[in-house]
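I have placed the structure first, in the form of structure tokens, so that the comments after it can refer back to it.
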Amino acid sequence: MAKITASVYTSHVPAIGAALDMGKSHEPYWQPVFKGYEFGKQWIAEQKPDVVFLVYNDHATAFSLELIPTFAIGTAAEYEIADEGFGPRPVPKVEGHPELAWHIAQSVIQDDFDLTIVNKMPVDHGLTVPLSLMFGERHPERDAWPVKVIPFAVNVVQYPVPSGRRCFQLGQAIRRAVESFDADLNVQIWGTGGMSHQLQGPRAGLINREWDNRFLDRLISEPAELAQLPPLDYVREAGSEGIELVMWLVARGAMADIAGGPAPRVAQRFYHVPASNTAVGHLILENLRD
């Protein structure tokens with residue numbers, strides 16, 4: 001059967017993608033950021049996942065204020081790269097895994113979670129920047145991403161947003177769905193977004209190092225308690241865009257220890273400020289093998 005072997009957590013700062021695309025990754029400002037992902041690139045080359053279930057938020061490219069799904073699962077065979085105002089990022093299109101995606105949709109909806117099923121959508125930096133950070137640069141015409149991806153978009157843009165508790169419960173339902181899929185697949189689940197940042201208003205530029213690192217501590221050691229944190233606490237402590245961190249709870253909820261298994265192994269932990277005007281966090285948790 002399919003199995004979730006690890007969860008990966010990372011910020012998806014658009015300026016990181018721009019730095020890669022414009023050849024600035026070796027500049028002094030960006031070097032510390034990309035150095036923090038060197039381990040992850042080597043690690044994932046060794047892990048060789050078949051599918052990444054990638055939790056991210058759309059930035060008004062696939063969806064607009066006219067239509068705002070709380071949870072949306074991509075079931076297409078492929079996804080074009082979105083034009084976010086400066087042309088699409090020069091990266092390969094994303095190949096999906098429709099069979100597993102439809103199975104997860106069926107299982108999770110029957111598990112009483114209401115998902116929006118999306119058969120066609122462009123994917124923006126929220127999804128492509130994490131792929132670039134973990135798999136390195138890819139030429140859109142010569143290369144392909146070495147993994148199939150199931151995009152899972154969470155609304156953290158327009159209030160009301162889902163609670164951390166609901167996201168954590170959803171992760172548990174996704175794990176059950178994956179483990180009931182009758183194919184031998186190495187699946188990873190990624191939670192993206194954050195960490196603390198605010199892009200507008202009197203607190204624009206806010207970064208809260210102490211809160212971010214405490215969040216990482218709790219995500220590792222007490223995720224069920226962390227999931228009870230109300231949305232207002234994220235906004236107060238981590239800025240208006242810090243609410244993106246509830247998406248990390250989807251990935252954490254899918255880990256084996258939440259279902260009574262052993263605690264995951266922390267393979268990597270990285271934190272850096274700033275990247276653009278955002279705190280960058282990165283974490284890799286491995287499920288222990290049977």
Side-chain angles (χ1 to χ4, degrees), residues 4-13 16 32-33 35-40 43-44 47 54-57 130 133-134 154 156 161-172 174-175 188-198 203 205-275 277-288:
I4 293 175
T5 58
S7 53
V8 174
Y9 310 82
T10 180
S11 304
H12 58 216
V13 185
I16 291 176
V33 174
K35 185 176 181 181
Y37 288 85
E38 288 178 1
F39 172 87
W43 173 86
I44 206 163
Q47 296 294 315
L54 202 154
V55 185
Y56 74 112
N57 64 289
L133 285 168
M134 293 299 293
V154 178
V156 289
V161 300
S163 67
R165 181 180 64 257
R166 189 62 169 164
C167 289
F168 190 64
Q169 294 169 344
L170 175 59
Q172 296 170 59
I174 292 167
R175 178 193 54 78
Q188 291 181 2
I189 183 166
W190 294 10
T192 75
M195 293 188 86
S196 62
H197 64 299
Q198 179 153 329
R203 297 199 307 164
L206 179 148
I207 290 177
N208 189 337
R209 294 171 183 253
E210 182 179 356
W211 194 91
D212 286 340
N213 280 287
R214 176 60 177 152
F215 183 91
L216 291 171
D217 291 340
R218 300 185 71 193
L219 189 70
I220 294 167
S221 62
E222 49 180 54
E225 292 80 3
L226 177 61
Q228 303 305 314
L229 202 67
L232 185 59
D233 283 21
Y234 289 87
V235 176
R236 180 188 299 113
E237 300 296 336
S240 54
E241 279 69 45
I243 189 62
E244 291 178 351
L245 287 168
V246 297
M247 297 187 291
W248 293 30
L249 288 165
V250 179
R252 188 63 181 90
M255 294 297 285
D257 63 318
I258 308 306
R265 186 181 82 89
V266 180
Q268 167 71 330
R269 176 172 173 166
F270 170 68
Y271 182 78
H272 175 79
V273 294
N277 57 356
T278 306
V280 171
H282 174 41
L283 185 68
I284 297 174
L285 300 181
E286 294 179 348
N287 275 328
L288 298 181

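These numbers come from the heavy atoms of this one structure, side chains and all, not from hydrogens, waters or symmetry mates. Keep in mind that this is a model prediction, so the values were computed, not measured.
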One pair to check against side chain to side chain contact (heavy atoms under 4.5 Å, CB included): Leu285 and Val266. What are the steps and the verdict? CA-CA 5 Å; Leu285 300 181; Val266 180; 3.7 Å; yes

List the steps and the verdict of side chain to side chain contact (heavy atoms under 4.5 Å, CB included) for Val13 and Val280. CA-CA 8 Å; Val13 185; Val280 171; 4.2 Å; yes

Run the side-chain hydrogen bond (donor to acceptor under 3.5 Å, both in side chains) check on Tyr271 and Asn213 step by step: do they pass? CA-CA 8 Å; Tyr271 182 78; Asn213 280 287; 4.8 Å; no

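Side-chain contact of Tyr37 with Thr10: a donor-acceptor pair under 3.5 Å is present, judged by distance alone. Side-chain contact, Thr5 with Asn287: no donor N or O sits under 3.5 Å from an acceptor N or O.
Between Gly191 and Ala251 the shortest heavy-atom distance is N-CB, 3.7 Å. Among all heavy-atom pairs drawn from His282 and Val8, the shortest one is CE1-CG1, 4.0 Å. Gly194 and Ser11 make their closest contact through O-OG, 2.7 Å (heavy atoms, listed as atom of the first residue, atom of the second, distance). The two residues Val273 and Ala279 make their nearest non-hydrogen contact at CG1-CB, 3.3 Å. Nearest heavy-atom pair across Ala267 and Trp43 is CB-NE1, 4.2 Å. In this structure, Thr278 and Met195 approach most closely via the heavy-atom pair CG2-N, 4.2 Å.
Every pair passing salt bridge (charged side-chain N to carboxylate O under 4.0 Å, His left out) that includes a residue from residues 245-263 is listed here, sequence neighbours excluded: Arg252-Asp257.
Atom OG of residue Ser163 and atom CG of residue Leu249 lie 9.5 Å apart, to the nearest 0.5 angstrom. Atoms CD and CD, from Gln228 and Glu222 in turn, are 11.5 Å apart once rounded to the nearest 0.5 Å. Summarising the geometry, atom CG belonging to Leu283 is positioned 5.0 Å from atom CD1 belonging to Ile220; distances are rounded to the nearest 0.5 Å. Taken from OG in Ser196 to CG in Asp212, the straight-line distance is 3.5 Å, to the nearest 0.5 Å. Atoms CE and CG, from Met255 and Leu288 in turn, are 8.5 Å apart once rounded to the nearest 0.5 Å. The CD atom of Gln188 lies 9.0 Å from the CD atom of Glu286; values are rounded to the nearest 0.5 Å.
By the side chain to side chain donor-acceptor pair (under 3.5 Å) test, Glu241 pairs with no residue at all, sequence neighbours left out. Not counting sequence neighbours, Phe168 has no partner by the ring-ring contact (aromatic ring centres under 6.0 Å, His included) test.
Looking at Asn208, its side chain does come within 3.5 Å of a backbone N or O of Glu237 through a donor-acceptor pair. A donor-acceptor pair is defined here as one N or O able to donate and one able to accept, closer than 3.5 Å; no such pair exists between the side chain of Glu244 and the backbone of Gly193.
Under a 4.0 Å N-O distance rule, the pair Asp233/Arg236 qualifies as a salt bridge.
Shown here is Arg165, whose CZ atom has no more than 12 heavy atoms of other residues, nucleotides or ligands within 6.0 Å. Atom CZ of Arg203 has more than 12 neighbouring heavy atoms from other residues, nucleotides or ligands inside a 6.0 Å radius.
Checking Trp190, Trp248, Phe215 one by one against Tyr9, the ring pair (Phe, Tyr, Trp, His ring centres under 6.0 Å) holds for a single residue, Trp248. Between Arg175 and the options Ile258, Ile4, Ile189, Leu170, a side chain to side chain contact (heavy atoms under 4.5 Å, CB included) holds for only Ile4.
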